[in-house]
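In what follows, a structure is listed as structure tokens, so that the remarks can point back to it.
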Amino acid sequence: MNAAKPQAVSRETFNAVMVPNYSPMAVVPDRGEGARLWDTDGKEYLDFAAGIAVSAVGHCHPNVVAALTTQANKLWHVSNLFTNEPALRLAEKFCEATFAERLFFANSGAEANEAALKLARKYHSSQGREDKVEIIAFNQAFHGRTLLTVTAGGQPSYAEGFGPLPGGFTHLPFNDVEALEAQISDSTCAVFLEPIQGEGGVTAATPEFMVACRELCDKHGALLILDEVQCGNGRSGELFAYQYYGVTPDILSTAKGMGGGFPIGAMLTTAAIADCLVPGTHGSTYGGNPLACAVAEAVFDLIHAPEALENVKQRGEQLRAGLKRIGDKYGVFSEIRGVGLLLGAELSADFKGRARDILTACLDEGLLVLVAGTSVMRLAPSLLISEQEVEQGLARLEQAVSSLN
Ligand SMILES: *Cc1c(COP(=O)(O)O)cnc(C)c1O
């Protein structure tokens, strides 16, 4: 075979050939292993970003690589004119481990959320309740970038210039039980929230708020939809954050960590609600593709193990304690938030607006971190990260913070 030599490209190539909607860092990652990455210059990084909570079992986990290569040599795609074994096995595992009785597979978080919102509307309309269309969502929420999900999101700037936007959405302050009580009515179709807001600054719902959402939905015949695209798949220390809260949704969307870096998402629901999505009502060409499902099954098996979930809890506590110590020593953080291995460190008044500076300083020290807005540093490492790796990452973070002025 005559394999063409790869063309030399660099960060500069990006500006020449890509739409400018992203502004990637100067370094270009080249390969990864577990919680570590190396860039094209060979520099090593500890990865506390995990591709924004996606690489849930680290980079190139051998079980996942094996599942991918086995399936790659067997069958990639058949379309939804057929079903396939990896999709059915994966759906069975999710049904066994969660409230779900029915699944719909998608390719991304936004697409899983689209399915969730469409299902909620369809469900009420199939019950003869065409008036029940209001979706209550929350400020600072992030649900994706399609027109429907960007409208559901709670950052109006993300929807600017894309109008006219779909109607029927109301936004309320997050964690405000009284505001929800005042707004929800028999015209409410669904209450839609992230149990732990990720992009919006790593803000966890209070237990009282989650309980109130469930009770008020029941009272008004509305569906409770949880967006667990970021906080699901083990990140909270439970398989899903709803299990951490003990509050069961009617519909749940997930993606990010689900495929460990391979694009896949899902909408989970009950049989009674799913019934209205009869043949022809919804679909996705790649949804439930055997290659994606085989990878996600290997990821699921790694995450849905008591020792993995226990590791999330223990490493989460370790990381939280380290952040608190560094925050106190350098006066850099005013609050450490989040659950499990989805943590946010709010910058103190002295460092307000400098999350990006911290990210850059960390990069110099060989540590990848995330931001959530301009004043929160966000961490979401591999769920399988070791105690030593967390310690080493914290040492690099301290080095980075001490270099700030
Ligand atoms: C990332 C994210 C999405 C969007 O997922 P995509 O795969 O980018 O479409 C939706 N909801 C939440 C909570 C997210 O974090």
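In each ligand, atom 1 is the first atom listed, and ligand 1 is the first ligand listed. A quick note: this is a predicted structure, and the numbers were derived from the prediction, not measured.
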Can you tell which part of N113 has a heavy atom less than 4.0 Å from ligand 1: side chain, backbone, both or neither?
side chain
Starting from atom 11 (N) of ligand 1, find the nearest protein heavy-atom neighbour and note its residue, name and distance.
D227 OD2, 2.8 Å
Does atom 8 (O) of ligand 1 have a protein non-hydrogen atom under 4.0 Å from it?
no
So that I can tick it off, tell me whether E199 and R378 are bridged by a salt bridge, with the cut-off set at under 4.0 angstrom between side-chain N and carboxylate O.
yes
Protein heavy atom at shortest distance from atom 12 (C) of ligand 1
F142 O, 3.3 Å
State whether K93 and D301 are salt-bridged, where the test is any N-O pair (Lys NZ or Arg NE/NH1/NH2 against Asp/Glu carboxylate O) under 4.0 Å.
yes
Element-labelled atoms of ligand 1 that are located less than 4.0 Å from some non-hydrogen atom of G144
4 (C), 10 (C)
Need the ligand 1 atom indices (1-based, order shown) with element for anything under 4.0 Å from a heavy-atom of S108.
7 (O), 9 (O)
Ligand 1 atoms nearer than 4.0 angstrom to some heavy atom of Q230 are 15 (O)
For ligand 1, which is the ligand I care about here, please tell me if V229 has any N or O atom under 3.5 Å from one of the ligand's N or O atoms.
no
Under 4.0 Å between heavy atoms, the region of E194 that gets near ligand 1 turns out to be side chain
Are D350 and K352 close enough for a salt bridge, meaning some N to O gap below 4.0 Å?
no
Which word best sums up how the rings of F192 and H143 line up, parallel for under 30°, tilted for 30 to 60°, or perpendicular for over 60°?
parallel
salt_bridge(R89, E96) N-O dist < 4.0 Å
no
Electrostatic pair K256-E228, nearest N-O below 4.0 angstrom:
no
Y158 six-ring face occupied by R145 cation (under 6.0 Å, within 45°)
yes
As an exercise, identify every atom of ligand 1 less than 4.0 angstrom from a heavy atom of A110.
4 (C), 5 (O), 6 (P), 9 (O)
Less than 4.5 Å apart, any side-chain heavy atom of L319 and any of F48?
yes
Ring center gap for Y242 and F99 short of 6.0 angstrom:
yes
For ligand 1, does K256 get within less than 4.0 Å through its side chain, its backbone, both, or neither, judged by non-hydrogen atoms?
side chain
What is the closest protein heavy atom to atom 6 (P) of ligand 1, and at what distance does it sit?
G109 N, 3.4 Å
N/O to N/O below 3.5 Å, does that happen between E199 and ligand 1?
no
